[in-house]
Amino acid sequence: MKIYLNGKFVEKKNATISVFDHGYLYGDGAFEGIRAYNHVVFKLQEHIDRLYETLHTLMLKVPLTKQGMIKAIVATLKKNKLKDAYIRVVVSRGEGDLGLDPLKCQGNANIVIIADKITLYPKELYDKGMEIITVPTLRNNPEALNPQLKSLNYLNNILAKIEANNSGYREAIMLDHLGYVAECTGDNIFIVKDKVLSTPSQGRLKGITRDVVMSLALKAKYKTQEKMITRHEVYNADECFLTGTAAELIPVVKVDGRLIADGKPGPITKKMLKAFKNVTSKNGVKY
Ligand code: PXG
C-alpha cells in the first residue's frame with residue numbers, strides 16, 4: 001500500500017509523522033472520509049469544499065489548492081490501482097512545540113492520503129436493519145466545538161461509541177445540548193412519517209450522503225424537511241435509517257427498545273438505498 005505523505009508516495013511502514021505534530025498532541029487538524037465506486041470518486045468536490053471550510057475555520061493553511069488536493073487523491077487511487085476504495089484525507093497542523101499554540105507550527109501542515117477498503121457493518125444488517133440506542137454523551141454544543149467541523153478531535157463521538165459498545169450496540173443516537181436528536185456517532189439520521197423524510201436541522205455534521213439522499217427523495221417526489229426532532233418522533237416514525245460515507249444507507253428497526261413500525265426496513269428506506277446505489281458511480285470525479 002502506497003500512502004501519500006506531503007507530495008510523495010511512501011510505503012505504509014514508512015508513512016510516519018512526528019510525535020510533535022499537533023494533530024497527534026492536540027487533535028489539531030481536519031479529515032475527510034470519501035468513497036470511490038468503479039473509478040469515480042463520489043461527490044469529491046463536496047468533500048473537498050467541506051474539508052477546506054473546516055481548515056478555514058481552524059485557520060490551518062495547507063500548501064495545496066483544492067484542485068491540487070483533488071489531483072493528489074486521484075493520484076493515490078491510481079498508484080494503489082483501486083477501482084473501489086475508502087479514502088481518508090488527513091490534514092494536521094504539523095510540528096510545533098509542547099504548547100498548544102498553533103502559531104508555533106505555522107507552515108508545517110502535514111497532508112496524508114490513505115486509500116483502502118472499509119466495511120462498516122455486516123451485510124445482514126443492511127437487509128434486516130439495525131438496533132440502536134440513545135447514549136448519555138451529548139453532541140458538542142456548536143458554540144464550543146461546532147459539529148460542522150470534521151476535526152481530528154473526535155472524542156465527543158468516540159465517548160458516545162464507547163457507551164454504545166458498553167450496552168452492546170453498534171451505533172447510537174446523540175442528542176444536542178437542548179435534548180433534540182442530533183445525529184449518530186458517525187452517521188446522520190432520517191425518519192420517515194406519512195411519506196415525509198425528516199432529518200435534524202441542527203447539532204449535526206452536514207453529511208454529504210445525507211444531502212444526496214435528500215435530493216434523491218425530492219427526485220422521487222417525496223417531501224423532505226430539516227427540523228428539530230425529538231426521540232418521541234423517532235420512536236413513532238414509520239421508518240428510520242442512517243446515512244454516511246462509510247455506512248452508506250442503513251435501515252434502523254429498533255431505537256431504545258422501541259420497534260420502529262413493524263420492526264422491518266421500510267419501503268421508502270429500501271427505495272432510497274436502491275436509488276443511492278444507482279448514483280454512487282455516476283456522480284463525482286472519474287479516474
Ligand atoms: N456525522 C458524523 C459525526 C460523521 O463523522 C457523518 C455524519 C456522515 O457524513 P458523510 O458526509 O460521510 O455522509 C459522519 C462521517 C466511522 C466513520 O468509522 C464515520 C465517519 C467518518 C469517519 C469514520 O464510522 N462519518
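Just so you know, ligand 1 is whichever comes first in the structure, and atom 1 is the first atom listed for that ligand. Counting from 1, the numbers follow the sequence of the chain as shown.
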[X] and ligand 1 - part of the residue with a heavy-atom distance under 4.0 Å:
| X | value |
| --- | --- |
| Thr185 | backbone |
| Leu205 | side chain |
| Tyr86 | side chain |
| Met174 | neither |

- Return yes when Arg88 approaches ligand 1 closer than 4.0 angstrom through a heavy atom, no otherwise.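 In this structure, Arg88 qualifies as a contact of ligand 1 - some heavy atom is under 4.0 Å.
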- Close approach, Ile118 and ligand 1, non-hydrogen under 4.0 angstrom: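 Heavy atoms of Ile118 never come under 4.0 Å of ligand 1.
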- Message: Geometry only, no angles: is Arg50 polar-contacting ligand 1 at N/O separations under 3.5 Å?
- Response: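 By distance alone, the answer is yes.
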- Item | Closest to atom 14 (C) of ligand 1 (judged by heavy-atom distance), picking from Ala160, Ala182, Gly186 |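 Looking at heavy atoms only, Gly186 sits closest to atom 14 (C) of ligand 1.
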- Query: Does the distance from a Lys or Arg side-chain N to an Asp or Glu carboxylate O, for Lys2 and Glu11, drop under 4.0 Å?
  - Reply: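 A salt bridge links Lys2 with Glu11.
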- Got a salt bridge between Glu248 and Lys277, using NZ or NE/NH1/NH2 to carboxylate O under 4.0 Å?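 So Glu248 pairs with Lys277 through a salt bridge.
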- Query: Nearest to atom 21 (C) of ligand 1, what protein heavy atom do you find, and at what distance?
  - Reply: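 In this structure, atom 21 (C) of ligand 1 has Lys150 NZ, 3.3 Å as its nearest protein heavy atom.
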- Do Asp84 and Asn38 have a side chain donor and acceptor closer than 3.5 Å?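 No - no donor-acceptor pair under 3.5 Å links their side chains.
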- Item | Beyond-backbone contact of Arg50 with Leu205, side-chain heavy atoms, under 4.5 angstrom |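 Arg50 vs Leu205: side chains touch.
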